[in-house]
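Report on the following structure.
Both backbone and side-chain heavy atoms feed into the values below; hydrogens, waters and symmetry mates do not.
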Amino acid sequence: MSAGFLIVENPIVLAQSNQEPLSQKQVLPISATANLAGQTFNLEVAQTREQQAIGLMNRTFLPENQGMLFPQDAPSSVAFWMRNTLIPLDMIFVYQSTVLEIAQNVQPCMTEYCPLYFPAVDVNQIIANNNNVTVDDFFVFKSKPVGINYEGLEIPQNISFLTVDSVIEVKGGRTGELGLRKGARVIVSQVPEPSSFLGILIFSAFSVLWMKHKYWKKKTTHATINPQLQA
């Protein structure tokens with residue numbers, strides 16, 4: 001197996017969870033950016049399990065270059081679904097700043113049973129490649145529709161899940177428009193909190209004023225002393 005790619009047996013369902021009330025909705029602060037195929041995306045960051053479970057449920061609009069980031073405390077196998085989600089989404093599965101797979105233009109699911117989506121690899125492919133796999137061997141596995149608490153979930157024995165350290169959701173079809181492909185690098189940067197950013201500006205302005213004050217004070221003192229020296 002290629003270095004850095006982890007494979008596990010069971011996924012954790014995160015976004016748009018089937019265990020959350022239908023009415024749940026959230027709009028989180030923009031606190032990160034990501035460079036996707038040369039475009040900067042502003043990202044809401046779902047930090048807690050509760051925030052990740054709600055995800056983009058019941059949102060009716062998502063700007064072209066905006067999305068939601070689902071960071072993981074440790075590399076995990078994750079599965080997403082679209083129940084209670086009103087707009088199509090692209091799901092970008094990332095590990096160590098590399099795109100492992102993209103579930104493109106995934107459609108809303110407003111029925112009781114909905115499929116799960118997660119990055120996977122065929123065990124038979126691993127064996128055929130002598131345990132040496134690359135991103136070309138990965139794919140998005142779409143399960144049969146499942147119900148509350150994953151009722152009816154069936155996973156073929158030859159399917160293994162990939163671990164990721166983050167997932168980014170953007171407007172459906174956006175990755176295709178940009179030409180983002182698996183194997184691409186994704187750089188995520190944190191956006192300073194407004195209070196911290198304001199503090200930096202104030203400190204910088206104060207430092208400049210203080211340096212100017214010292215400069216003019218020194219210049220004035222020098223001008224005052226010089227006539228005495230000449231006398």
Side-chain angles (χ1 to χ4, degrees), residues 8 10-34 36 41-95 99-120 140-151 153 161-176 178 180 186 188-191:
V8 298
N10 297 305
I12 302 170
V13 178
L14 291 180
Q16 293 80 243
S17 170
N18 59 358
Q19 299 177 347
E20 292 295 323
L22 297 179
S23 60
Q24 287 282 1
K25 179 181 178 180
Q26 65 184 353
V27 178
L28 302 172
I30 300 296
S31 52
T33 62
L36 304 178
F41 279 70
N42 296 318
L43 301 177
E44 302 174 38
V45 180
Q47 292 282 5
T48 68
R49 283 295 182 193
E50 293 75 16
Q51 291 172 340
Q52 294 190 358
I54 298 171
L56 291 168
M57 285 198 315
N58 297 306
R59 298 275 288 269
T60 58
F61 176 74
L62 193 62
E64 293 281 303
N65 282 19
Q66 187 170 319
M68 183 171 285
L69 173 67
F70 299 79
Q72 303 303 298
D73 293 333
S76 306
S77 177
V78 299
F80 283 39
W81 75 344
M82 293 291 285
R83 191 176 185 193
N84 312 326
T85 307
L86 308 180
I87 54 177
L89 297 173
D90 287 356
M91 304 170 182
I92 307 168
F93 298 95
V94 180
Y95 183 68
V99 177
L100 297 189
E101 252 300 355
I102 304 172
Q104 292 188 327
N105 208 28
V106 181
Q107 297 300 306
C109 179
M110 304 308 295
T111 61
E112 183 179 354
Y113 286 76
C114 298
L116 301 177
Y117 302 84
F118 48 84
V140 174
F141 180 82
K142 178 181 178 181
S143 76
K144 293 181 179 180
V146 300
I148 298 298
N149 296 320
Y150 327 126
E151 176 188 353
L153 177 61
F161 309 124
L162 301 173
T163 57
V164 301
D165 50 34
S166 63
V167 180
I168 301 172
E169 288 186 335
V170 299
K171 182 179 178 181
R174 195 73 179 99
T175 58
L178 296 175
L180 184 68
V186 173
V188 175
S189 303
Q190 299 299 313
V191 175

Exercise for the section: For the pair R59 (side chain) and Q26 (backbone), establish whether a donor and an acceptor sit closer than 3.5 Å, ignoring hydrogens and angles. Expected result: yes
Practice task
State whether the side chain of Q104 and the backbone N or O of T175 hold a donor-acceptor pair below 3.5 Å, judged by distance alone.
Solution key: no
Handout entry: Euclidean distance, D165 CG relative to L100 CG, rounded to 0.5 Å
Key = 8.5 Å
Practice task
Could you tell me whether the side chain of P71 reaches within less than 4.5 Å of the side chain of Q52, counting heavy atoms only?
Solution key: yes
Fill in the blank from the handout: Between F161 and S77, the two heavy atoms sitting closest are CB-OG, 3.0 Å
Problem - Under 3.5 Å donor-acceptor, N42 side chain and T33 backbone - result: no
Fill in the blank from the handout: Minimal heavy-atom distance between Q51 and Q47, with the atoms involved, is OE1-N, 2.8 Å
Exercise for the section: For C114 and R83, work out which heavy atoms get closest and say how close. Expected result: SG-CB, 3.7 Å
Practice task
Only one of L43, V27, V45, L28 passes side chain to side chain contact (heavy atoms under 4.5 Å, CB included) with M68; say which it is.
Solution key: L28
Practice task
Please name the pair of heavy atoms, one in Y117 and one in F93, separated by the smallest distance, quoted to 0.1 Å.
Solution key: O-CZ, 4.0 Å
Exercise for the section: Taking the side chain as every heavy atom from C-beta outward, state whether Y113 and E151 have any pair of such atoms under 4.5 Å apart. Expected result: yes
Fill in the blank from the handout: To the nearest 0.5 Å, atom CD1 of I54 lies from atom OG1 of T85 at 11.5 Å
Exercise for the section: Evaluate the criterion side-chain contact (heavy atoms from CB on, under 4.5 Å) for residue pair E101 and F118; output intermediate values, then yes/no. Expected result: CA-CA 9 Å; E101 252 300 355; F118 48 84; over 6 Å; no
Problem - Where A34 and V186 come nearest, the two heavy atoms and their spacing - result: CB-CG1, 4.4 Å
Exercise for the section: State, yes or no, whether a side-chain contact exists between L86 and M110 at a heavy-atom distance under 4.5 Å. Expected result: yes
Exercise for the section: Side-chain contact test, heavy atoms from C-beta onward, threshold under 4.5 Å: evaluate it for V140 versus I102 and give yes or no. Expected result: no
Exercise for the section: May I ask you to check whether over 12 heavy atoms, not counting those of E112, lie within 6.0 Å of atom CD? Expected result: no
Exercise for the section: Check whether any side-chain heavy atom of F41 lies under 4.5 Å from a side-chain heavy atom of I168, and answer yes or no. Expected result: no
Completion exercise
For P88 and N105, the nearest pair of non-hydrogen atoms, with its separation, is CB-OD1, 3.6 Å
Completion exercise
Output for pair (E64 CD, L178 CG), nearest 0.5 Å, gives 9.0 Å
Problem - Chi angles and distances behind the side-chain contact (heavy atoms from CB on, under 4.5 Å) call for M82, Q107 - result: CA-CA 7 Å; M82 293 291 285; Q107 297 300 306; over 6 Å; no
Exercise for the section: Indicate yes or no: at least one non-hydrogen side-chain atom of L116 is less than 4.5 angstrom from one of V146. Expected result: yes
Practice task
Could you tell me whether the side chain of E169 and the main chain of V167 form a donor-acceptor pair under 3.5 Å?
Solution key: no
Exercise for the section: Evaluate the criterion side-chain contact (heavy atoms from CB on, under 4.5 Å) for residue pair V164 and V78; output intermediate values, then yes/no. Expected result: CA-CA 7 Å; V164 301; V78 299; 3.6 Å; yes
Problem - side-chain hydrogen bond (donor to acceptor under 3.5 Å, both in side chains) partners for Q66, two or more places apart - result: E44
Exercise for the section: Give a yes or no on whether the backbone of R174 and the side-chain of D90 come within a donor-acceptor separation of less than 3.5 Å. Expected result: yes
